[in-house]
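Below: one structure, written as structure tokens.
All of these numbers come straight from a predicted model, not from anything done at the bench.
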Number of protein chains: 2
Amino acid sequence: MVAKLTDVAKRAGVSPTTVSRVINRKGYLSEKTIHKVEEAMQELGYKPNNLARSLQGKSSRFIGLIFPNVSNIFYAELINSLEIRLFEQGYKAILCNSEKNPSKEREYLQMLDANQVDGIISGSHNLGIEDYRKVDAPIISFDRNLAPDIPIVSSDNFEGGRLAAKTLRHAGVKHPIIISGRDDSGSPTKRRGEGFRDVLPETKIIHIPGDYSPIRKKMELQMALRKEKPDGLFASDDTTALLAMQIIDQAGFTVPDDIKIIGYDGTAMVTTYFPRLTTIQQPIAEIAQVLVEVLLKKINHEPVDAEYILPVSLLPGKSI
Amino acid sequence: MVAKLTDVAKRAGVSPTTVSRVINRKGYLSEKTIHKVEEAMQELGYKPNNLARSLQGKSSRFIGLIFPNVSNIFYAELINSLEIRLFEQGYKAILCNSEKNPSKEREYLQMLDANQVDGIISGSHNLGIEDYRKVDAPIISFDRNLAPDIPIVSSDNFEGGRLAAKTLRHAGVKHPIIISGRDDSGSPTKRRGEGFRDVLPETKIIHIPGDYSPIRKKMELQMALRKEKPDGLFASDDTTALLAMQIIDQAGFTVPDDIKIIGYDGTAMVTTYFPRLTTIQQPIAEIAQVLVEVLLKKINHEPVDAEYILPVSLLPGKSI
DNA sequence: ATGAAAGCGCTAACAT
DNA sequence: ATGTTAGCGCTTTCAT
């Protein structure tokens with residue numbers, strides 16, 4: 001039998017109320033009582049039941065994290081930073097992989113609501129506005145337009161695209177192409193391509209859905225390269241850039257002599273283990289920090305902006 | 001105001017119990033009542049409060065996941081698989097990064113307990129046996145000896161080490177070395193080195209703590225290579241192997257001609273984007289499946305084994 | 001400085 | 001087939 005508050009009360013010879021006061025350091029307590037109660041808690045190995053607490057309107061201190069998956073290294077690093085920030089603030093993270101699966105995302109959304117989470121951070125977008133509206137908990141989004149009133153935190157996708165284009169142009173590239181995950185509904189990510197074309201107009205964009213297998217992605221890439229014969233390539237994320245580099249190497253061409261490559265994301269993993277790749281780096285830790293800050297503001301009913309755009313930076317490698 | 005069960009009851013003109021029965025599809029219900037109640041739920045936008053449910057002894061259906069971090073791609077992929085399995089079984093994952101920080105791990109352990117989680121899966125080990133004993137929820141461990149009665153699921157570390165050694169030996173390696181993260185207390189991971197030395201005895205082991213920065217790791221590696229002049233290298237995880245490859249390339253040596261390298265883990269990320277590396281692959285999806293299966297058994301008070309060892313396989317690359 | 005009583009939202013006996 | 005009552009473990013008035 002697990003000891004509960006009333007057991008502690010009996011053992012300490014006080015009322016449940018007093019025990020509650022000791023736990024929460026609330027109201028007037030005599031040193032003696034505090035001591036007695038703490039002793040009793042020790043002896044019984046008492047642990048407060050958080051569910052019971054949350055029931056009287058106390059917050060659960062749970063935050064839902066909805067992302068397509070954790071195996072993508074960019075999400076992994078972002079989620080890692082989010083967990084650290086949330087823990088600092090006394091919140092616990094519920095991990096929800098939406099897997100590009102609307103019904104799973106919907107189920108998770110309802111579950112989070114049913115479990116009285118204090119808030120939700122979402123980098124996924126499989127559902128319609130109505131689904132998000134139904135949720136009571138405040139939501140903040142990473143890099144997605146979920147609904148008009150849901151704040152978005154993202155890196156400066158447009159400037160990032162511009163920076164990539166300027167970098168390629170400066171290296172003498174004349175015929176670049178853009179390889180992009182399919183511009184999934186209302187993601188500001190497509191701004192990367194727009195920024196690029198702001199500098200180098202009429203650059204062709206090849207869409208390769210992010211959920212294709214690496215093998216299939218490679219084949220599509222191969223075809224694109226053969227057809228377009230580019231001398232420069234901007235991949236909208238680093239793993240796609242890595243794939244492109246593999247193909248180019250295998251085809252007997254040389255990076256950067258024949259084709260220059262620039263990616264996007266700049267995760268610790270890729271920059272550490274694949275420093276060869278030149279890329280545009282998103283400030284992952286800052287993004288996480290802002291996401292949590294803004295969410296906490298919303299939870300506390302403080303005013304927040306509609307959009308928070310964080311600066312990117314060029315991370316030079318040997319692929320340009 | 002959020003509608004609750006009693007509001008639905010009033011609106012539908014029935015008792016709270018009946019509403020509860022409809023929600024849980026339990027006991028005898030007339031079609032008519034079901035319809036009335038469901039209509040009322042619709043109209044009020046009613047959502048059950050899971051916390052209140054869990055309070056009467058119902059399970060919370062939360063599982064705690066304790067790992068050092070999510071940014072390490074191996075943990076990321078394992079956690080990803082775990083989330084998928086848990087969701088299938090109707091469980092939600094609470095993400096807990098222990099960060100090699102005992103007090104954070106202890107706090108998480110207590111929090112999980114306080115929130116009445118149904119179980120815990122841990123791949124971290126910063127604490128003593130007593131800390132784990134205090135926890136009520138059943139615990140299953142990945143690759144760590146946490147306490148005598150906590151079941152362990154792991155890949156076949158010993159055979160993996162043997163396989164690595166046999167592979168290097170077969171490639172003609174005469175003077176191999178092992179690079180290993182420090183053999184942190186009671187981890188079966190040290191069995192990788194033991195297995196290797198079962199085949200190639202007296203191979204020197206160089207310990208490089210996993211929490212060193214990549215820069216520092218590189219320096220240590222550099223020194224080790226200079227001193228030992230090996231013609232073969234077994235790294236106890238792939239990222240360390242990747243680092244070694246970088247250094248060897250930079251030093252003007254050639255992999256595999258001058259030094260042959262084999263890693264351990266074989267994550268999708270590394271095999272897809274760094275196919276050059278030969279490695280011993282852990283069956284991540286199966287590990288996740290077994291972890292969840294065994295945990296569910298423990299939750300249901302079914303008997304479980306003390307240890308579950310899953311087979312590894314050789315993944316050939318170009319580094320041997 | 002401490003206690004008694006009521007109630008958070010829901011479910012589980014035990015009626016009827 | 002449905003309702004009444006009590007209670008999960010805790011906190012919160014309101015007393016004293």
Worksheet item: Between C:dG9 atom P and A:D113 atom CG, what is the distance in whole Å?
Response: 15 Å
Response to the item:
Rounded to whole Å, CG of B:L44 lies from C1' of C:dG9 at a distance of 15 Å
Worksheet item: If only side-chain N and O atoms of B:K26 are considered, is one of them under 4.0 Å from the OP1 or OP2 phosphate oxygen of C:dA12?
Response: yes
Response to the item:
Between CG of A:D7 and C1' of D:dG9 the distance, given in whole Å, is 10 Å
Worksheet entry | Angle between terminal axes - the helix from C:dA1-D:dT16 to C:dT16-D:dA1, 5 pairs each end, rounded to 10° | 30°
Discussion item. Please report the distance, rounded to the nearest Å, between CG in B:N49 and C1' in C:dG7.
Written reply: 14 Å
Item to complete: Determine yes or no for a side-chain-to-main-chain donor-acceptor pair under 3.5 angstrom, with B:N80 supplying the side chain and B:A76 the backbone.
Response: no
Worksheet item: Can a donor-acceptor pair under 3.5 Å be found between the side-chain atoms of A:Q56 and the base atoms of D:dG9?
Response: yes
Worksheet item: Reckon A:R53 has a side-chain N or O less than 4.0 Å from the OP1 or OP2 of D:dC10?
Response: no
Worksheet item: Tell me: CG of A:N50 to P of D:dC8, nearest whole Å?
Response: 19 Å
Practice prompt. Using atom CD of B:Q116 as one end and atom C1' of D:dG9 as the other, report the distance to the nearest whole Å.
Written response: 9 Å
Worksheet item: For B:T6 and C:dC10, is the shortest distance between a side-chain N/O and OP1 or OP2 below 4.0 Å?
Response: no
Response to the item:
Taken to the nearest whole Å, CG/B:L5 to P/D:dG3 is 12 Å
Worksheet item: Would one find a side-chain N or O of A:K58 under 4.0 angstrom from OP1 or OP2 of D:dT12?
Response: yes
Worksheet item: Using 30° and 60° as the class limits, which term best fits the ring planes of A:F62 and B:F62: parallel, tilted or perpendicular?
Response: parallel
Worksheet item: Is the NZ or CZ atom of A:K92 positioned over A:F87's six-membered ring, under 6.0 angstrom from the centre and within 45° of the axis?
Response: no
Worksheet item: With side chains defined as the heavy atoms from C-beta onward, is the minimum distance between A:S141 and A:V153 less than 4.5 Å?
Response: no
Worksheet item: Can you tell me how far P of D:dC10 sits from CD1 of A:I23, to the nearest Å?
Response: 7 Å
Discussion item. With a cut-off of less than 4.0 Å, is there a side-chain N or O of B:T18 near OP1 or OP2 of D:dA1?
Written reply: no
Worksheet entry | Residue B:Q42 excluded, over 12 heavy atoms near CD under 6.0 Å | no
Worksheet item: Contact class for B:V14 vs. all strands (heavy atom < 4.0 Å): base, sugar-phosphate, or nothing?
Response: sugar-phosphate
Discussion item. Main chain of B:Q116, side chain of B:S60: is a donor-acceptor contact present, judged purely on distance under 3.5 Å?
Written reply: yes
Worksheet item: Has B:N24 got a side-chain N or O lying under 4.0 Å from the OP1 or OP2 atom of C:dT11?
Response: yes
Worksheet item: Taking side chain as C-beta onward, heavy atoms only, is A:Q282 less than 4.5 Å from A:I287?
Response: yes
Worksheet item: Nearest to the side chain of B:A52, which nucleotide is it out of C:dG7, C:dA12, C:dG9?
Response: C:dG9
Worksheet entry | side-chain contact (heavy atoms from CB on, under 4.5 Å) partner of B:F67, chosen from B:L95, B:L78, B:N72 | B:L78
Worksheet item: Hey, does A:T33 reach any base, or is it just sugar-phosphate, or nothing, if we go heavy atoms under 4.0 Å?
Response: sugar-phosphate
Practice prompt. From the options D:dT2, C:dT2, D:dG7, select the nucleotide whose nearest atom is closest to the side chain of B:R21.
Written response: D:dT2
Discussion item. What contact category does B:T17 fall into here, base, sugar-phosphate, or nothing, at under 4.0 angstrom with non-hydrogen atoms?
Written reply: base
Worksheet item: OP1 or OP2 of C:dT16 less than 4.0 angstrom from a side-chain nitrogen or oxygen of B:Y28, does that happen here?
Response: no
Worksheet, complete the sentence: Of B:E31 and B:L55, the one whose nearest nucleotide on DNA chain D sits closer to the 5' end is B:E31
